[in-house]
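Have a look at the structure below, then the notes.
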Amino acid sequence: MSTVLTQPPAPTPSGPSWLHRVCPTTGLKVSADAEKLIKAHAVMATVMLLIGGIAAIGVLLTRWQAVHLLPAEWFYRILTVHGLTMLVFFIIFFEMAVLHFAGPVLLNCRQPAPKLGWLAFGLMTVGSLLTEVIMWMGKADVLLSSYVPLRAHPLYYLGIILFAVGALLATGLFFAALVVAKREQTYRGSVPLVTYGALTAAIIAVITLLHGAAVYVPTFLWSLGLMPIDPQIYRMVWWALGHSSQQINVSAMVSIWYLLAALTVGGVVLNEKISRTAFVLYVLFISMASAHHLLVDPGFSSAWKVVNTSYFMYMAVLASMIHGFTVPAGIELGQRLRGYTKGMFEWLTKAPWGDPGFSSMIFSIVVFGFVGGITGVTFGTEQINIIAHNTFRIPGHFHSTVVSGTAMAFMGATYYLIPLIFRKQVSFWKLAQIQPYLFAGGMLVFSMSMTFAGSFGVPRRHWDISFTNAPFDVQFSPTVDLMLGIMALGGLVAALGGGLYILVTVASVFFGKPMPERPTAADGVPQGIVSPPVRSTRVSEADVMERHGKLGPAPGTIVLVGVFFVAFVTYYFLNWKILAALWKMG
Amino acid sequence: MHSGLESPKGVWWKPAHRTEKIWVAIAFVWCLILFAMMPIMHARGGQNVSGIRHKVAPVAFQQRLGEFIADYKVGEEQGYPVVAPPPGSDVYLLGTMWAWLPVLKLEKGKEYTLHISALDVNHGFSLLPLNVNLQIVPGYDYGLRVTPTQAGDFRVVCNEFCGIGHHNMVGRIIVTDGPNTGPHTPGVAATASAAPAHDHGGPAAPQTALHAGGAR
């Protein structure tokens, strides 16, 4: 073992001594406290992924009308479980692991208050388990959004409040780590871009969690009969939580893109100013984006809807479009500096596609941008929302952002987390290598066919679209059955990919072989660690920058964003055309 | 050049490469176009959702609905009143656990002011097969000027989860080519039998929902 637990011989003048080891790959001092916290949060995230994944299969096999597995009440129950467990518990546990990593570890400093860190973890664990128990007992069949006046058991809301308080505390510890690192001078210059991105995620998390308090505390009191709540105000405040939380995901995911780009292929930052400004746009404009869940609601004027959903939200869209260029361009440039300079795309064809960290990152970028981004902005247009609201187009959209985007990026990061933080080899390496292909491929098919079915008006959150016991028959186009079949197929492949992820991580963490002193590729260690990306000696930075003249340092990326832009414009205007065929209304 | 894991040293506020600037400019202009499209389509488009919106007590809306049905009822379908209001009039539709009331009979090419509200919890108005979707919130009257441009037999399903009988909540809007005169003849499209509702809750008996009064 080259990793040694050391007590520094003498406390440095600028700070107290702290237990740590020196990472053999990066040379960073890894705080023992931070490391334990990262492990604990990652384990809970995986537990939640397992629960949410089991629920996902139940939901999928019921919505696949040909199988229609579960009875109605169990369908709505596990749909509630699936939504809350995945979108809140899994994702936030993982994000807190990211914060404990991007703070103390990347900044080379101690964990500022480990006991508070454990208190936060305890609150999150107790809160999430309490809510799980209530949901599985059938005391909270209200779905993720729990729109008042649908009423769940008071402990359901209390569990979420405890979880949120814990998450808020953990976020505060990340800010504390920034202060400690600065004061104890554990890094020089500005914080790294990855930490900066995590910082924006943390700021958005604070905004989000405060909105969470603003909605769940009154709702808890309402559930006890202590105060009234207006259903429309509830929807507005709930979505200020519900949508902003997706922006924590986006910021964390983009940070992980930069992280994995650096680790896997030596990806560089083209321009710090542009990338950091884009992150700031997320912070500034995202809480207004909750409006795009309320576009066809009765309680708000069109002016309110247009200003909030469009002007401000599109500044956040701008931010994503900027990262959609800078991240692949950074990857391309990193690869070119390693010597893959032939033509437009040698940087892609010679990329480490067998490294699950790399393939996860690429799939995350592509599916998030092409499917999730384009559909999201289009459906978030006030009028176009008429043909999207509460149909299958909506879950089709967000499965491509939050599942193929965020969750895929988190999975990719895990393949580096296991050797770097858990100091274990990745077990079942061959399975780990194909896992991103199954998960992202399945999810792509799933979300596209779901979106397409939704364009026929197939409702989301619905147990039986054959309407067997309804007073009037409802006929869908036969295409819908076909789409639901394809959706089920894609979903099952993705579930297999998700299952493999859980298998690989659990096997590695609990039963895996420790990292050898000199890892080789055969050991189940990603190649970014076996042979960290190094610059080629035969190309110079200036050469790469000038090689393609006016196309700049990343010509391949220009082609890719060009294709993206054409797809975006086409899909957007196609939807206006479909809308124009409807009844006149206004 | 450095990676995102390294601290940039010194001043990093430096000019971007030309290609990066161009992409940011294109994206920014596109965002402005996305923004402008919405107000432009308020002026020029035929499908908007601004409407005439008020707060309304669910019981008051229910009462108004009762008067509306009494005024223009032309028949019954599966126990649901069928109502044929004259063109230009105010039309009422109520979502309740778990029915859309009443069945509406409208004329193609004529404008109506459609008021939709919910009696108890949130419901989702989804007109099929057209795919027109609106959120219906209790306590709010969503009024929209609507002109059916196609004749046919349409369905209104609920696409916001509203409890265990949610999936059985189906209403109906019939659009005729010419004027609606005379009594309503039950249509062939109505298929539900008198079979008992599903174990987990079938559609509410429509008449009960009309006279129950107050939110449940």
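All chains are named by letter (A, B, ...) in the order of the sequence lines, taking the proteins before the strands, and each is independently numbered beginning at 1.
- For the atom pair OG1 (B/T176) and NE2 (B/H184), the distance works out to 11.0 Å, reported to the nearest 0.5 Å.
- Contact of A/L79 with chain B is not made at all, since no heavy-atom distance falls under 4.5 Å.
- There is no contact between A/F392 and chain B, counting heavy-atom distances below 4.5 Å.
- Both the backbone and the side chain of B/R145 come within contact range of chain A, judged by heavy atoms closer than 4.5 Å.
- Both the backbone and the side chain of A/Q232 come within contact range of chain B, each with at least one heavy atom under 4.5 Å from a heavy atom of that chain.
- The side chain to side chain donor-acceptor pair (under 3.5 Å) test applied to A/T195 returns no partner, not counting sequence neighbours.
- With a 4.5 Å cut-off on non-hydrogen atoms, A/I578 does not touch chain B at all.
- If you measure heavy-atom distances from A/A303 to chain B, you find no contacts under 4.5 Å at all.
- There is no side-chain donor-acceptor pair under 3.5 Å between B/Q135 and A/H293.
- Side-chain atoms of A/S145 and A/R461 form a donor-acceptor pair, as typed in the model, at a separation below 3.5 Å.
- Neither the backbone nor the side chain of A/V458 comes within contact range of chain B; no heavy atoms are under 4.5 Å apart.
- Contacts between B/L127 and chain A at a heavy-atom distance below 4.5 Å involve the side chain alone, from C-beta outward.
- Scored by the side chain to side chain donor-acceptor pair (under 3.5 Å) test, B/K55 finds A/D230 as partners (sequence neighbours excluded).
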